[in-house]
Amino acid sequence: MSTKVRVRFAPSPTGGLHLGGVRTVLYNYLFARQNQGDFILRIEDTDQTRFVEGAEQYIIDCLKWCGLNPDEGPHIGGTYAPYRQSERKSMYRQYADQLVAQGNAYYAFDLPEDLEKMRETFKTPENPSPQYDRNVRDKMRNSLSLTTEETQQLLANGTPYVIRIKMPDNETVQFNDMIRGEVSFHTGLIDDKVLLKADGMPTYHLAVVVDDYLMKITHAFRGEEWLPSSPVHVLLWKYLGWEAAMPQWAHLPLILKPDGNGKLSKRDGDRLGFPVFAMDWQDPKSNEINQGFKERGFLPEAFVNMLAMMGWNDGTDQEIFSLDELISKFSLDRVHKAGAKFDFEKAKWFNHEWIKKTDAKKLVALVAPLLEKEGIQTDPDFLEKVIQLVKERCTFLTDFVGQSRFFFETPSAYDNAAVQPKWNAEKQAFFTGMVTDFKSFEPFEATALEAHFKNKATEKGLKPGDVMMPMRIMLVGGKFGPGVFEIAETVGRTETIVRMEKALNLFADFL
Ligand code: GLU
């Protein structure tokens with residue numbers, strides 16, 4: 001029997017979820033679904049100094065909005081609960097103790113000022129920020145430099161300590177990354193990371209290995225920024241005797257700034273005017289609201305589709321994929337090694353395509369609240385018709401407000417400059433005649449109305465082009481909107497006449 005695929009998204013609740021984070025979720029999710037596996041959400045909150053109130057719930061809400069819901073997690077439980085590392089605190093110490101007993105880790109009693117002094121003392125031009133590593137560990141206060149008796153004494157006295165991994169001197173740690181292939185690290189260059197803190201809380205390095213083991217994780221996908229930590233994790237898997245159960249690693253390429261090198265940051269979004277968070281994120285300290293894709297007017301389908309394509313393609317030119325299609329087509333061997341530059345214009349293109357593709361009926365529920373916020377009450381059937389007419393013109397869901405407001409409200413201002421210069425008695429008379437005709441014209445439908453309107457214009461010696469624009473302005477106030485007579489049909493006979501009469505009253509002053 002083959003092992004069931006189990007993957008995890010393991011965020012630290014330190015703030016909003018940005019693009020890169022959601023893409024990590026997505027690749028995990030696709031892989032899990034594709035292999036009939038489990039997708040686990042685990043909250044890595046062992047660093048309490050970085051804990052941010054509300055961040056966990058925000059992450060859960062984002063996953064829900066994207067439609068990437070986990071099978072196990074702190075909010076739903078599961079066989080391997082608890083799923084918050086702070087609630088698992090008591091599970092980690094035994095492994096740290098085991099590592100000390102085996103000689104792979106040691107107690108370190110150094111005070112913050114000792115560490116400060118070490119950094120000063122060993123600073124050289126070649127090594128401006130020395131680390132706690134094999135070069136300095138025997139000069140520090142730890143169970144390797146002290147005698148067994150001294151160490152026992154300090155422990156017996158309750159002296160605070162941390163447990164550090166003892167990095168081997170001269171080894172190469174190698175593993176096979178599913179995206180990068182074989183990667184290797186020289187242990188001599190890596191510091192002795194803290195595994196267990198003085199308060200008994202594990203650090204990320206110990207907790208991630210213990211939990212991936214206890215939760216039977218088979219594949220670990222995470223951002224490339226974690227690649228430098230991977231040799232520490234690989235060694236821990238080995239030292240704890242779990243090497244055979246080690247997950248397969250995949251380090252995902254970074255999402256890069258649109259206009260330069262380096263990882264995309266919140267600042268780039270502020271600077272260039274696009275969101276980097278999935279949903280609005282209000283920083284509880286500053287109260288500053290960082291805009292999210294959701295509130296900017298993205299459809300989750302478009303957001304997910306766009307993220308899938310940031311670092312992957314299926315080998316063809318196809319760009320529009322539903323989540324189900326992604327599940328069947330996604331493959332890690334087509335994930336690029338190189339980082340992908342974020343392109344907001346492309347993101348907009350995805351959203352526009354998805355708005356066009358989405359059923360008007362389905363959009364009603366998303367657009368109605370946006371209109372209501374603007375004080376426009378809507379009837380769902382009528383709104384559906386309107387959406388059908390204008391969706392081609394909307395890049396963001398929020399565009400529906402401007403694109404459809406005039407269906408619900410009689411214009412209160414007109415683009416006079418477009419009408420006045422060419423307005424004359426013939427036009428006034430023509431439109432007055434049209435109002436009379438429209439009062440009884442049957443059927444009150446776009447094609448028939450348009451044909452009648454154009455015929456009458458020709459009869460009166462007017463070019464249809466010259467009267468279409470004023471007709472549009474009478475109906476919507478400006479030179480925008482879908483087909484003029486589609487608008488007339490949609491708002492209906494009574495409202496069309498009200499609008500024409502109102503405008504004609506005003507245009508009469510131009511004569
Ligand atoms: N807690 C880490 C983070 O915040 C998880 C890294 C990993 O997946 O191993 O991204």
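Just so you know, these numbers use all the heavy atoms, side chains as well, and skip hydrogens, waters and symmetry mates. Read the numbers this way: they start at 1 and go in the same order the structure lists the ligands and their atoms. Keep in mind that what you see is a predicted model, and the values were worked out from it rather than measured.
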Practice prompt. Could you tell me whether Ala10 and ligand 1 have an N or O pair separated by under 3.5 Å?
Written response: yes
Worksheet item: At what distance is the nearest protein heavy atom to atom 1 (N) of ligand 1, and which residue and atom is it?
Response: Glu44 OE1, 2.6 Å
Worksheet item: In terms of side-chain geometry, is the basic nitrogen of Lys193 or Asp133 positioned less than 4.0 Å from the acidic oxygen of its partner?
Response: no
Worksheet item: If you measure only the distance, is there a donor-acceptor pair under 3.5 Å linking the side chains of Thr124 and Asn127?
Response: no
Practice prompt. Any chance you could measure Ile355, atom CD1, to Lys348, atom NZ, to the nearest 0.5 Å?
Written response: 12.0 Å
Worksheet item: Which residue owns the protein heavy atom closest to atom 9 (O) of ligand 1, what's the atom, and how far is it?
Response: Tyr204 OH, 2.6 Å
Discussion item. Using heavy atoms and a 4.0 Å limit, tell me yes or no: is Glu225 in contact with ligand 1?
Written reply: no
Practice prompt. Take Lys257 and Asn261 through the test side chain to side chain contact (heavy atoms under 4.5 Å, CB included) and record every step on the way to the result.
Written response: CA-CA 6 Å; Lys257 299 179 190 308; Asn261 295 321; over 6 Å; no
Practice prompt. State the atoms of ligand 1, each with its element, that fall below the 4.0 Å cut-off from a heavy-atom position in Arg8.
Written response: 7 (C), 8 (O), 9 (O)
Item to complete: Answer with yes or no whether the side chains of Asp138 and Ser145 bring together a donor and an acceptor at under 3.5 Å.
Response: no
Worksheet item: Which is it for Phe9 and ligand 1 at heavy atoms under 4.0 Å: side chain, backbone, both or neither?
Response: neither
Worksheet, complete the sentence: Numbered in order shown, the ligand 1 atoms found under 4.0 Å of a heavy atom of Val208 are 9 (O)
Worksheet entry | Any side-chain donor near an acceptor of the partner, Asp211 and Gln85, under 3.5 Å | yes
